[in-house]
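Here is the structure we will look at, set down as structure tokens.
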Amino acid sequence: MKEFAALYLELDATTRTLDKIAALKRYLQKSEPADAAWAVFFLTGRTLPKVVGSGRLRQWAAQEAGIEPWLFQECYDAVGDLAETIALILPPPTQRREEPLRWWVETMLEPLRDRDEEEKCRAVIEAWRSLDASERFVWNKLLTGAFRVGVARRLVVRALAETLAIAPDVMEHRLMGPWRPEPEFFTRLTQTEGEEAQTAARVRPYPFCLAHALETASALLASPLGRNDPVGLIQAALGPVDQWVAEWKWDGIRGQWIKRQGVHALWTRGEELVTDRYPELAAIADRLPDGLVLDGELLPWRDNRPLAFGVLQTRIGRKHVTKSVLKTAPVIFLAFDLLEWDGEDWRERPLEQRRARLAEVVARVDRAELLRLSPQVEASSWEELALRRAEARQHGAEGLMLKRRGSPYRVGRVKGDWWKWKVDPLTIDAVLVAAQRGSGKRASLYSDQTFAVWDDQGRLVPIAKAYSGLDDHELKEVDAWIRAHARESFGPVRSVEPVLVFELGFEGLQRSSRHKSGVATRFPRILRWRRDKRPEQADNLATLLALLPPEPASPTKAGPVSQTRARVENQPRPALARSRSRIAPPVVRPLFNLDDPEQVEGTEPPRSS
DNA sequence: GTATTTGTCTCGC
DNA sequence: GTCAGACGAATTCGG
DNA sequence: CCGAATTCGTCTGACGCGAGACAAATAC
């Protein structure tokens with residue numbers, strides 16, 4: 001435990017990736033295999049079932065430290081991380097105990113799951129009294145079940161790969177799927193032969209190939225050439241269009257469907273085995289040939305087209321799949337790649353070869369109600385493809401995927417062969433009305449901001465929260481402004497004078513009770529600070545409501561995504577949207593009367609009907 | 001003592 | 001999913 | 001030609017939305 005805690009401190013102390021890898025390698029080499037295996041388990045993002053809720057932990061920690069709950073809460077707010085707060089606040093250890101990581105996990109932590117509350121409390125406090133501050137932090141992280149700190153999976157994989165002299169991509173593959181940290185773990189990673197290894201490999205998925213965004217929007221802003229000729233920009237970046245295969249970018253769940261040794265398995269991108277969550281697919285599993293791995297998208301589907309993502313969401317975390325859910329949210333597997341055929345790894349083969357074989361497989365299975373081939377989007381020029389992209393929402397898609405002809409199926413998010421070319425986001429101008437402090441490195445900043453638009457009563461109604469999109473400098477500026485113009489406090493939330501205007505971008509809109517406006521945005525973010533606009537010039541709720549997807553027969557779930565843009569912009573955007581120096585600071589005006597509709601009439605009339 | 005609401009967590013995008 | 005920032009490696013620039 | 005400056009790719013951490021599961025708190 002001491003060594004593992006020291007490793008954590010080392011990882012936390014630097015942002016340099018090479019230093020992190022060096023520290024990881026040192027740890028892996030000097031530790032007992034059983035401890036190192038657990039370290040890999042946690043550092044690659046795996047978790048044990050949670051044994052104690054954070055509420056209980058807070059309570060026990062405050063008790064043990066001898067402080068009032070409110071004071072503990074204050075400390076927590078300041079620190080921003082529960083495990084760290086507890087580690088810092090407790091008195092020094094009284095019964096120091098040095099045991100390896102494996103002992104703490106296997107002897108102290110895992111057995112707790114079946115114990116009652118009182119015993120858990122005793123064990124947790126005993127551990128706290130036995131560990132020093134940094135060890136406690138690790139222990140707390142293990143308790144809360146989330147050790148996503150300091151290093152991401154990829155660096156651990158690199159360190160492990162270098163330690164065992166295995167290619168990182170191969171290592172990535174071997175770490176996929178189910179495994180338990182045991183002393184033999186490392187020998188199993190190096191030796192793929194043997195019955196045990198074969199069993200483990202039976203349902204093991206391949207690492208997913210992920211795409212990068214084709215950043216047309218920012219490229220347009222950055223390049224004067226691009227603003228006049230976006231298609232030319234793409235041509236310059238990607239070359240001739242005939243070297244690319246285009247498909248729709250579907251709005252479902254990425255999945256890998258495996259059939260090996262008579263058994264089928266469905267994995268999500270988050271490495272969740274979800275075979276039982278989608279039992280309808282089992283109906284055609286026996287029609288799949290053995291030694292097959294498909295990559296594709298799990299989609300809610302009816303009448304020859306996808307349903308909204310919200311429909312699928314009702315099935316994501318669901319444990320009991322009822323008949324009625326199968327009816328309201330029927331899914332299909334839309335396949336777009338073939339990773340394994342006849343037990344052979346096909347990832348190195350060119351895309352077209354994989355696709356051709358995939359098409360044959362899908363045709364032979366011949367159950368279009370459950371398995372389909374994701375169609376190619378044909379175009380003979382980038383101009384034509386750009387037009388097809390604009391139709392994406394009509395097809396229930398988010399845009400296009402571009403894949404280089406002849407490319408292999410790669411590991412992870414590698415630039416060059418796969419691009420996602422999403423449709424442009426919807427935009428709206430909204431007023432900052434409230435803010436809250438962030439957490440972690442943003443714990444001291446009012447970085448968590450709520451934005452509102454005008455309703456027909458002339459009131460500002462919240463529509464979204466967003467933080468991302470401002471750079472550090474702007475964030476600091478806004479933070480200072482918020483502190484100077486705060487009004488009331490509602491717990492940690494402070495309302496502010498409605499003065500600052502920001503342009504928000506988002507992917508879609510749906511009815512929701514989350515915000516007072518009755519709508520919520522998907523993937524909201526700040527596009528730019530509209531220092532040139534006064535709050536009265538922000539958009540109206542009516543403008544926004546006009547974007548809601550047409551109400552389906554039952555008003556429960558979201559329909560297809562809207563096809564309109566939030567606002568028609570007659571003029572090109574300022575090229576220097578993010579420049580701070582050229583635009584005059586906003587004129588601070590006296591507060592206007594929120595109840596007077598005259599004063600809140602926007603300069604841009606709502607476009608609704 | 002049971003029913004309902006509220007909060008927290010974990011998935012997915 | 002979104003985004004900005006930090007870092008390291010690769011590439012270009014300038015003397 | 002070599003060191004400095006710049007660009008590019010990757011990695012990290014801080015966050016949005018909804019739904020369901022589960023536990024805790026509250027209402028009846």
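Just so we're on the same page: letters track the sequence lines, and every chain starts at 1. Predicted, not measured: the structure shown is a model, and the values here were computed from it.
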Whole angstrom is fine here: how far is it from [atom1] in [X] over to [atom2] in [N]?
X: A:Ile253; N: B:dT10; atom1: CD1; atom2: C1'; result: 13 Å
X: A:Arg528; N: C:dT2; atom1: CZ; atom2: P; result: 20 Å
X: A:Leu470; N: D:dC15; atom1: CG; atom2: C1'; result: 12 Å
X: A:Lys415; N: D:dC8; atom1: NZ; atom2: C1'; result: 7 Å
X: A:Arg413; N: B:dC13; atom1: CZ; atom2: P; result: 11 Å
X: A:Trp250; N: B:dG12; atom1: CH2; atom2: P; result: 21 Å
X: A:Asp251; N: D:dG18; atom1: CG; atom2: P; result: 15 Å
X: A:Arg46; N: B:dT10; atom1: CZ; atom2: C1'; result: 16 Å

Does a side-chain N or O of [X] approach OP1 or OP2 of [N] to a distance below 4.0 Å, or not?
X: A:Lys422; N: C:dT2; answer: yes
X: A:His515; N: D:dC17; answer: yes
X: A:Ser512; N: D:dG18; answer: yes
X: A:Thr268; N: B:dG12; answer: yes
X: A:Arg269; N: B:dG12; answer: no
X: A:Arg154; N: D:dC11; answer: yes
X: A:Ser439; N: D:dC15; answer: yes
X: A:Lys441; N: D:dA14; answer: no
X: A:Lys20; N: D:dC11; answer: no
X: A:Ser447; N: D:dC15; answer: yes
X: A:Thr15; N: C:dC7; answer: yes
X: A:His212; N: D:dT10; answer: yes

Candidate nucleotides D:dC11, B:dG12, B:dC13, ranked by approach to the side chain of A:Thr17 - the nearest: D:dC11

Base, sugar-phosphate alone, or nothing: which one does [X] contact when heavy atoms must sit under 4.0 Å apart?
X: A:Gly252; value: sugar-phosphate
X: A:Leu475; value: nothing
X: A:Arg315; value: nothing
X: A:Gly270; value: sugar-phosphate

Is the shortest distance from a Lys or Arg side-chain nitrogen in [X] or [Y] to a carboxylate oxygen in the other one below 4.0 Å?
X: A:Asp169; Y: A:Arg410; answer: no
X: A:Arg525; Y: A:Glu507; answer: yes
X: A:Asp472; Y: A:Lys476; answer: no

Neighbour count above 12 (heavy atom, 6.0 Å) for A:Glu117 CD: yes

Aromatic ring proximity, centroids under 6.0 angstrom, A:Tyr409 and A:Trp418: yes

A:Asp251: which of A:Arg393, A:Arg305, A:Arg522, A:Lys422 passes salt bridge (charged side-chain N to carboxylate O under 4.0 Å, His left out): A:Arg522

